[in-house]
Amino acid sequence: MTPKSFYTFLLGLATLALAATLPPTDYDVIIVGGGPAGLSALSGFSRVRRRAALFDSHEYRNGPTREMHDVIGNDGTRNPPAKFRALAREQISRYDTATFIDREILSIEQQQLADLEPNLTTTTTTTVFRATDATGASYTARKIVLGTGLVDVLPTTPGLQESFGKGIFWCPWCDGYEHRDQPLGILGTLPHIVSSVLEISTLNTDIIAFVNGSHTEPADAALTLQTPHWKAQLAASNARIENRTIAAIERVQDGGRVHDDRARDQQFDVFRVRFTEGEPVLRNAFLTNFETAQRSRIPAQLGLDMKDGKVDTSVYSGMRTSVPGVFAVGDCNSDGSTNVPHAMFSGKRAAVYGHVEMAREESAAAIAKRGLSRRAMEKETERIIGNELEDLWDRAKV
């Protein structure tokens with residue numbers, strides 16, 4: 001092969017490389033969060049052979065919960081969330097494009113394509129993100145799926161944090177049935193009491209709403225203005241208000257040990273509520289109604305639009321956020337449902353939309369490649385690699 005033909009050969013290779021206009025990344029998609037939402041997203045991407053990495057900090061909102069319920073095929077006795085996650089990991093690991101990385105992602109930033117590949121001539125719109133984990137290692141991907149979840153902002157009441165998820169719960173569908181027909185307490189402020197009573201009214205008929213001193217005249221008037229018949233609604237459900245300030249919630253009996261498997265695993269927790277004054281009150285379980293907060297700082301770092309403290313996915317379809325290329329799934333997003341079936345649905349939905357979005361980008365790149373003339377690509381390639389080979393050849397002939 002002559003130097004000229006070799007140069008032409010190199011030019012052809014460079015031209016083909018130039019035509020592949022999508023920037024190279026470590027993965028097609030990075031998924032942050034290893035709960036049901038993130039796992040579902042990873043499964044969806046893996047089923048269409050997308051290179052996807054799931055980063056798992058091993059922090060889960062339902063981590064303290066004894067069992068997982070209201071999940072078809074995974075509902076029942078002695079089935080904790082950890083068992084669900086382990087089985088999901090085992091099944092997803094069969095796909096060779098799926099990667100699990102057990103580290104926390106601390107930051108994600110969008111990359112400028114010119115910085116990644118200065119000589120790249122793009123013919124389609126895409127996104128590239130760089131994620132950095134707790135060890136300082138970084139990874140790039142075209143799409144990001146956030147399944148980072150929420151944290152429940154619990155009061156500092158002694159005993160509450162220790163028993164949360166074990167007889168003290170926030171979702172009637174997840175944990176309420178196991179405490180049906182038992183004396184129940186509701187923990188929260190006055191404005192949230194009516195909705196909590198309505199949610200639990202078919203499961204419990206002996207209900208005390210512990211509002212912890214929040215039942216004041218202004219709060220009463222404001223609630224009456226919003227819900228004129230709220231007192232009648234509480235009375236119809238045999239719910240009464242206890243306004244004393246709670247000093248501590250003491251566990252007397254552990255329903256994880258005292259239960260009746262014959263009665264669909266009914267659990268018999270017992271708690272003693274102590275107040276700053278007066279006699280204590282016994283309850284078997286509590287439904288809570290407290291505020292939540294984003295577990296991760298990444299939504300704020302990326303500047304995502306928020307709605308009532310959640311990542312806003314109401315404007316764009318497919319769990320998309322306000323930042324192109326970023327999806328939000330599970331509890332962290334704003335679509336108003338926080339449970340495992342919803343998390344799995346949203347993860348799968350993001351996987352479908354994310355895959356199609358990337359396929360369209362790839363298709364546009366392929367069409368653009370066919371649309372460029374060979375001479376046009378050669379000119380751009382010559383500009384990139386210069387005439388160094390020609391100069392070397394000329395000097396060698398001297």
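Because the structure is a prediction, the values reported are computed rather than measured.
A donor-acceptor pair is defined here as one N or O able to donate and one able to accept, closer than 3.5 Å; no such pair exists between the side chain of Asn333 and the backbone of Thr313. Checked by atom type and distance alone, the side chain of Ser43 never pairs as donor or acceptor with a backbone atom of Ser40 at under 3.5 Å.
Taking a cutoff of 4.0 Å between a charged side-chain nitrogen and a carboxylate oxygen, Asp220 and Lys231 qualify as a salt bridge. A salt bridge does not link Arg349 to Asp335: none of the charged side-chain nitrogens sits closer than 4.0 Å to a carboxylate oxygen. With respect to the salt-bridge test (charged N to carboxylate O, under 4.0 angstrom), the residues Glu162 and Arg251 do not qualify. A salt bridge is defined here as a Lys NZ or Arg NE, NH1 or NH2 lying under 4.0 Å from an Asp or Glu carboxylate O, and Asp26 with Arg51 fails to meet this definition. Ion pairing between a basic and an acidic side chain is recognised when a charged N comes within 4.0 Å of a carboxylate O; Asp175 and Lys166 show no such pairing. Note on Asp56 versus Arg85: no salt bridge recorded, every NZ/NE/NH1/NH2 to OD/OE distance being 4.0 Å or above. In this structure, Glu242 does not pair ionically with Arg283, as no charged nitrogen and carboxylate oxygen lie closer than 4.0 Å. Electrostatic pairing of Arg50 and Glu357 does not count as a salt bridge here, judged by no charged N lying under 4.0 Å from a carboxylate O.
Residues in residues 313-345 take part in no ring pair (Phe, Tyr, Trp, His ring centres under 6.0 Å) pair, two or more places apart or across chains. For residues 289-310, every residue pair satisfying the side-chain hydrogen bond (donor to acceptor under 3.5 Å, both in side chains) rule, not counting sequence neighbours, is listed here: Ser196-Asn289.
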Problem - Test side chain to side chain donor-acceptor pair (under 3.5 Å) applied to Arg130 and Ser138, step by step - result: CA-CA 6 Å; Arg130 182 175 298 278; Ser138 63; 3.3 Å; yes
Practice task
Test side chain to side chain donor-acceptor pair (under 3.5 Å) on His355 and Tyr353 and set out the steps.
Solution key: CA-CA 6 Å; His355 163 64; Tyr353 276 76; over 6 Å; no
Exercise for the section: Check step by step if side chain to side chain donor-acceptor pair (under 3.5 Å) holds for Asp312 and Ser314. Expected result: CA-CA 6 Å; Asp312 190 359; Ser314 64; 2.5 Å; yes
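A search for side chain to side chain donor-acceptor pair (under 3.5 Å) contacts involving Asp152 returns Arg61, not counting sequence neighbours. In terms of the ring pair (Phe, Tyr, Trp, His ring centres under 6.0 Å) criterion, residue partners of Tyr139 (sequence neighbours excluded) are, by chain and number, Phe55. Asn339 pairs by the side chain to side chain donor-acceptor pair (under 3.5 Å) definition with Ser337, not counting sequence neighbours. Scanning for side chain to side chain donor-acceptor pair (under 3.5 Å) contacts around Thr216 gives an empty result, with sequence neighbours left out.
Taking a 6.0 Å sphere around CD of Gln253, one finds it holds more than 12 heavy atoms contributed by other residues, nucleotides or ligands.
Under the 3.5 Å distance criterion, with hydrogens and angles disregarded, a donor-acceptor pair is assigned to the side chains of Asp102 and His58.
With rounding to the nearest 0.5 Å, the separation of CG in Asn284 from CZ in Phe271 is 9.0 Å.
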